**Q** 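Sending over a structure as structure tokens; questions will come in a sec.
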Amino acid sequence: MNRINRLYRSLLKAYGSQGWWPLLDVKGTNPTKTGAIRGYHCADYSYPRTRSQAFEICAGAILTQNTAWPNVEKALRSLRQAGALDAKKIAAMDEERLGALIRPAGYFRQKAKKLKLFAAFFLGLGNRTPSRGELLALWGVGPETADSMRCYAFKQPEFVVDAYTRRIFLELGFIEEHATYDKIKGLVEKELATKEAGNAEKTLIAYQEFHALLVEHAKRSVARRSVRTHQPLSSSNRQRKGISRLS
DNA sequence: AACCAGGACGTGA
DNA sequence: TCACGTCATGGT
């Protein structure tokens, strides 16, 4: 078994299934997760079940850009409270009012624009699944956001690379310091898929879980300092925090 | 009280 | 291509 698969298996053993993407109305059942327990659908991969839930995931993907999830959740609840967690409503809303509703998520002027653009695009899709290229062509949607939408909202086997993934892979020596997004994505899609090759559904679940597990692991054990310095966490720190090396 | 969060985009070199 | 600056609130 290759190192990517080994890491995936040990993370899964350590933290259990994560059940991303978090949805406002879904209750999670994994007590070992950090942060909010609600919002996850651990070991149930039938979500999103509606077009509306797919939109909620996409909106969350935009709102979470460089932003901590609890703040995103506040913005989503604020939208729902206003009856506006809905593509039609958002597409028709003026940016000032939308910005006020999503304020807790930060960057509210930019994100109001992004949400409006995306909402109009989403409506135009009808029931269709957008390609990665279509998403990337939208202003405000970069590689990570596009892959998050594809993987979690539209259930396409597409691995999401984020800052946490990068940090952990660098620490483990899986990648070079300046590895590109596509390089890291390719590494996972090549190595993690080998076992599930030919089974699209299992591949999708593996991509969803692996990304979520990397985030969970990073939140617990990877020093924030390493973002700037790229210095590995010392073993004494690791032990003090009760984190095993996992590979 | 700095520092950072599940980025993306525009700019100048 | 590449390194920065910008966007902005809220938690630690």
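Convention: sequence-line order gives letters A, B, ...; per-chain numbering from 1. All values below were derived from every heavy atom in this structure, side-chain atoms included, with hydrogens, water molecules and symmetry-related copies excluded. Everything quoted here is computed from the prediction, not taken from an experiment.
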**Q** Does anything in residues 144-151 of chain A reach DNA chain B, meaning a heavy atom under 4.0 Å, and if so which residues?
**A**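 Going residue by residue through residues 144-151 of chain A, the ones with a heavy atom under 4.0 Å of DNA chain B turn out to be A/Glu144, A/Thr145.
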**Q** Please set out all donor-acceptor pairs under 3.5 angstrom arising from side-chain atoms of residues 110-122 of chain A, sequence neighbours excluded.
**A**
residue: A/Lys111; atom: NZ; partner: A/Leu63; partner atom: O; Å: 2.6
residue: A/Lys111; atom: NZ; partner: A/Gln65; partner atom: O; Å: 3.3
residue: A/Lys111; atom: NZ; partner: A/Thr67; partner atom: OG1; Å: 2.8
residue: A/Lys111; atom: NZ; partner: A/Ala105; partner atom: O; Å: 3.1
residue: A/Lys114; atom: NZ; partner: A/Gln65; partner atom: OE1; Å: 2.7
residue: A/Lys116; atom: NZ; partner: A/Met93; partner atom: O; Å: 2.7

**Q** Are A/Ser46 and A/Asp44 close enough that a side-chain donor and a side-chain acceptor fall under 3.5 Å?
**A**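 A/Ser46 vs A/Asp44: donor-acceptor pair found between side chains.
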**Q** Quantified in whole Å, what is the P atom distance between nucleotide B/dC3 and nucleotide C/dG5?
**A** 15 Å
**Q** Side chain of A/Gln110 only, heavy atoms from C-beta on: which candidate in C/dC7, B/dA5, C/dT9 is closest?
**A** C/dC7
**Q** For atom CZ of A/Arg97, is the number of surrounding heavy atoms from other residues, nucleotides or ligands below 6.0 Å larger than 12?
**A** no
**Q** Here's one to test your reading of the geometry: is the NZ or CZ of A/Arg49 within 45 degrees of the ring axis of A/Tyr47 and under 6.0 Å from its centre?
**A** yes
**Q** At 4.0 Å (heavy atoms only), tell me whether A/Ile102 reaches a base, stays on the sugar-phosphate, or touches nothing.
**A**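 Since no nucleic acid heavy atom lies under 4.0 Å of A/Ile102, the category is nothing.
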**Q** Taking salt bridge (Lys or Arg N to Asp or Glu O under 4.0 Å) as the definition, give me every residue that meets it alongside A/Arg109, ordered by chain and number, with sequence neighbours left out.
**A** none
**Q** Within the structure shown, what part of the strands sits under 4.0 Å from A/Val141 by heavy-atom distance: base, sugar-phosphate, or nothing?
**A**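 Touches sugar-phosphate only.
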**Q** Nearest-nucleotide wise, let me know which of A/Asn66 and A/Pro70 is further upstream toward the 5' end of DNA chain C.
**A** A/Asn66
**Q** Hey, does A/Lys111 reach any base, or is it just sugar-phosphate, or nothing, if we go heavy atoms under 4.0 Å?
**A** nothing
**Q** For A/Glu209 and A/Tyr45, what are the C-alpha separation, side-chain angles and deciding distance, and is it a side-chain hydrogen bond (donor to acceptor under 3.5 Å, both in side chains)?
**A** CA-CA 10 Å; A/Glu209 279 295 341; A/Tyr45 302 100; 2.7 Å; yes
**Q** Using the P atom on both, measure C/dA8 against B/dG10 and round to a whole Å.
**A**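 Looking at atom P only, C/dA8 and B/dG10 are 14 Å apart.
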